[in-house]
Visitor: 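Handing you this structure, nothing more for now.
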Amino acid sequence: MKPFLTLLAIIGCFQISISQETNITFPSDNFTIEGTLSMPSGTGPFPTIILVHGSGANDRNQTLTLTGANAVCLYPNLVNATIENFKDLAQELSANGYAVLRYDKRTYTYGAQIDLKSITLDDFITDIHSAVDFVKTQPKIDTNCISLLGHSQGSNLIPIVALNRTDIQSLISLGGSSSRIDSLVAMQIRNIYYTCNHDTATGDQNYTQILNAFNLIANNSWNPNTPLMGGYPDFWKGWLQISQMAISNYQTVTVPKLFIHGMDDLNVPISDAQKMENALTGTNTDVVYLPGINHYMTSSTHPNVDSTVINSILNWKNQNSCISTDIKSEPVILPQISWWQNDSQITIQLANPLTSYSFTLYDISGKKILQRTTSAHHSIQIDKTTLSSGVYIISAETSTSQIREKIVIW
């Protein structure tokens with residue numbers, strides 16, 4: 001494993017292209033799934049990323065408008081903002097040379113026709129398989145370079161698909177969980193009472209009631225005609241099993257895996273990503289922790305997917321092959337700092353400097369901790385055992401510019 005925490009993952013080596021979006025359909029079971037295929041300009045073949053939704057009857061853009069009292073409490077600067085994170089991902093990734101398929105969830109298009117008592121996560125897994133089969137029929141797709149990107153609930157589903165196919169090149173998880181869904185949902189609701197209502201007693205009561213309800217579902221003692229938070233027993237039983245197997249499913253998958261987790265994620269605690277990271281040591285896995293990013297992959301002040309998320313994906317894909325043949329490597333200078341760390345060392349690098357540069361590390365009080373100079377394109381390694389955990393300031397200087405960034409050393 002190569003776990004790293006990065007403030008700004010650096011691209012700096014791609015020439016941005018113009019992409020085109022086409023509305024498409026593909027069959028899955030007895031349904032016609034509708035979606036959008038974002039295709040870069042050029043002849044291809046293009047590496048492809050298929051986007052897999054989080055929970056709920058989501059459209060292809062994964063549209064979410066943050067309204068109500070909980071939004072006011074948890075996302076005060078995003079109240080009434082509309083998030084379309086799959087649209088953002090598709091447009092940004094396709095502009096950088098990747099074909100991207102996003103589609104409407106079957107429960108979004110056919111919710112009025114589907115018997116909600118019978119729907120399970122297996123239905124969504126079938127749709128992912130159908131999406132893969134569809135993109136393989138498209139003439140500009142590199143069928144050797146198909147990746148699955150799952151957000152939230154989708155993170156639990158994509159390794160199951162990869163385990164049953166030989167044509168998935170890599171997996172990308174955004175805001176995925178490693179906890180069983182009953183404990184995760186109970187924690188989410190309890191935290192709302194704690195944070196927004198300042199009511200720990202009711203929060204604890206709801207936490208216990210939810211766990212007890214899920215226990216009845218797991219033991220087949222729940223009334224099959226009574227929904228729990230919108231889902232019927234077959235749906236929840238399947239999710240209980242799949243979420244409980246999340247870590248082992250990812251352990252079994254041999255393709256490269258990337259986990260991106262926002263450090264301001266209120267839906268899935270950072271400890272879930274840390275559990276996944278620890279369990280996947282030595283399994284071709286990278287974990288990125290992004291400060292200031294929430295569960296929807298945006299910042300606290302803007303509804304669009306943050307550039308650090310896009311850059312982290314592109315930077316990782318650049319290191320794990322499957323780069324578009326139509327994107328040329330033409331270095332550009334970006335005034336950004338990239339940094340990552342493991343248990344013993346932190347590595348710092350300026351994005352594509354053409355000259356030598358120096359780094360100065362300050363603690364939060366402004367005291368100079370160390371200073372280093374290195375040549376163009378080289379990084380600096382610092383022994384973490386000499387530093388305390390906390391916030392530091394990096395100052396990077398070249399012959400023409402100076403930039404500063406905050407970093408968090410753990």
Side-chain angles (χ1 to χ4, degrees), residues 1-3 28 48-56 58 101 105-106 119-133 135 145-185 187-188 214 217-218 231 234-262 265 267-289 295 297 313 316-317 320 322:
M1 178 186 289
K2 298 169 288 181
S28 186
T48 302
I49 301 175
I50 298 171
L51 308 185
V52 180
H53 321 75
S55 59
N58 291 304
L101 175 65
K105 217 168 184 177
R106 66 166 66 186
I119 195 164
T120 70
L121 292 190
D122 289 338
D123 297 308
F124 304 145
I125 291 171
T126 295
D127 293 342
I128 303 170
H129 281 290
S130 299
V132 177
D133 293 338
V135 297
C145 289
I146 298 174
S147 301
L148 302 179
L149 183 154
H151 174 246
S152 196
Q153 181 191 82
S155 171
N156 280 179
L157 306 185
I158 57 176
I160 298 173
V161 176
L163 285 170
N164 287 279
R165 306 184 70 105
T166 60
D167 51 8
I168 303 302
Q169 186 269 335
S170 65
L171 300 177
I172 301 169
S173 166
L174 304 183
S177 68
S178 57
S179 297
R180 211 169 78 153
I181 189 59
D182 54 347
S183 61
L184 190 65
V185 170
M187 178 274 297
Q188 291 172 351
F214 273 105
I217 287 175
D234 285 347
F235 174 81
W236 286 119
K237 282 192 290 186
W239 199 352
L240 284 168
Q241 182 179 9
I242 286 174
S243 59
Q244 185 168 312
M245 295 289 290
I247 289 177
S248 60
N249 284 336
Y250 274 108
Q251 286 175 323
T252 308
V253 174
T254 58
V255 300
K257 299 171 283 288
L258 170 66
F259 292 83
I260 296 178
H261 206 93
D265 192 326
N267 296 59
V268 180
I270 195 170
S271 58
D272 268 42
Q274 292 167 336
K275 284 194 298 183
M276 188 73 77
E277 175 184 333
N278 293 334
L280 296 179
T281 299
T283 61
N284 203 6
T285 300
D286 292 295
V287 181
V288 176
Y289 300 96
H295 186 65
M297 298 293 121
I313 295 170
W316 182 80
K317 291 293 290 181
N320 287 275
C322 285

Visitor: Looking only at non-hydrogen atoms, find the nearest pair between M297 and G262 and report the distance.
Guide: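 Heavy-atom minimum between the residues: CE-N, 4.3 Å.
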Visitor: So which atom in Q169 and which in C145 form the shortest heavy-atom distance, rounded to 0.1 Å?
Guide: CB-CA, 4.0 Å
Visitor: Counting distance only, does the side-chain N/O of K105 pair as donor-acceptor with the main-chain N or O of F124 below 3.5 Å?
Guide: no
Visitor: Determine whether L280 and F259 make a side-chain contact, defined as any pair of heavy atoms from C-beta on separated by less than 4.5 Å.
Guide: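 In short, these two side chains touch, coming nearer than 4.5 Å.
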Visitor: Could you report the tightest heavy-atom contact between D123 and R106, atom names first, then the distance?
Guide: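 In this case the closest contact between D123 and R106 is O-NH2, 3.4 Å.
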Visitor: For G175 and V268, work out which heavy atoms get closest and say how close.
Guide: O-CG2, 3.6 Å
Visitor: Would you give the length of the straight line joining atom OG of S173 to atom CG of L157, rounded to the nearest 0.5 angstrom?
Guide: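 Going from the OG atom of S173 to the CG atom of L157 covers 10.5 Å.
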Visitor: Compare every heavy atom of G154 with every heavy atom of V52, then report the nearest pair and how far apart it is.
Guide: CG1-CA, 3.8 Å
Visitor: Nearest 0.5 Å, what's the OG-CG distance between S170 and L148?
Guide: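 Between atom OG of S170 and atom CG of L148 there are 8.0 Å.
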Visitor: Check whether Q244 reaches the backbone of R180 with its side chain - one donor and one acceptor, N or O, closer than 3.5 Å.
Guide: no
Visitor: Determine, stepwise, if the pair V161 / I125 fulfils side chain to side chain contact (heavy atoms under 4.5 Å, CB included).
Guide: CA-CA 7 Å; V161 176; I125 291 171; 3.9 Å; yes
Visitor: Going from CD1 on I158 to CG on L51, what distance comes out if it is rounded to the nearest 0.5 angstrom?
Guide: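 It is 10.5 Å, given to the nearest 0.5 Å.
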Visitor: With respect to V253, which candidate in I168, L171, I160, N284 satisfies the side-chain contact (heavy atoms from CB on, under 4.5 Å) definition?
Guide: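 So the option named by the test is L171.
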Visitor: How would you list, by chain and number, every residue that makes a ring pair (Phe, Tyr, Trp, His ring centres under 6.0 Å) with H151, sequence neighbours excluded?
Guide: H295
Visitor: Do N58 side-chain atoms and G54 backbone N/O form a donor-acceptor pair below 3.5 Å?
Guide: yes
Visitor: Show the nearest heavy-atom pair for residues S179 and K275, with the distance to one decimal.
Guide: OG-NZ, 3.4 Å
Visitor: What residues, two or more places apart in sequence or in another chain, satisfy salt bridge (charged side-chain N to carboxylate O under 4.0 Å, His left out) together with D167?
Guide: K136, R165
Visitor: Just do the side chain to side chain contact (heavy atoms under 4.5 Å, CB included) check on N156 and I181 with the steps written out, would you?
Guide: CA-CA 10 Å; N156 280 179; I181 189 59; over 6 Å; no
Visitor: What distance do I50 atom CD1 and D127 atom CG have between them, rounded to the nearest 0.5 Å?
Guide: 11.5 Å
Visitor: When you look at K257 and D286, which way does the side chain to side chain contact (heavy atoms under 4.5 Å, CB included) test go after all the steps?
Guide: CA-CA 6 Å; K257 299 171 283 288; D286 292 295; over 6 Å; no
Visitor: Ignoring hydrogens and angles, tell me if any N or O in the side chain of S178 forms a donor-acceptor pair with the backbone of D272 under 3.5 Å.
Guide: yes
Visitor: As an exercise, state the distance from OG1 of T252 to CD1 of I247, rounded to the nearest 0.5 Å.
Guide: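 Answer rounded to 0.5 Å: 11.5 Å.
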Visitor: Taking it one step at a time, do Q241 and L121 satisfy side chain to side chain contact (heavy atoms under 4.5 Å, CB included)?
Guide: CA-CA 10 Å; Q241 182 179 9; L121 292 190; over 6 Å; no
Visitor: With side-chain contact (heavy atoms from CB on, under 4.5 Å) as the test, pick out the partner of I49 among L101, V135, L149.
Guide: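 Result for side-chain contact (heavy atoms from CB on, under 4.5 Å) with I49: L149.
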Visitor: At what distance, to the nearest 0.5 angstrom, does CE of M276 lie from OG of S155?
Guide: 5.5 Å
Visitor: Counting only N and O atoms by type, is there a donor-acceptor contact under 3.5 Å from the side chain of W236 to the main-chain atoms of G231?
Guide: yes
Visitor: Does a donor on one side chain and an acceptor on the other come within less than 3.5 Å for T283 and T285?
Guide: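 The criterion, which ignores hydrogens and geometry beyond distance, is satisfied for T285 and T283.
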Visitor: Are the side chains of K237 and D234 in contact, using a 4.5 Å heavy-atom criterion?
Guide: yes
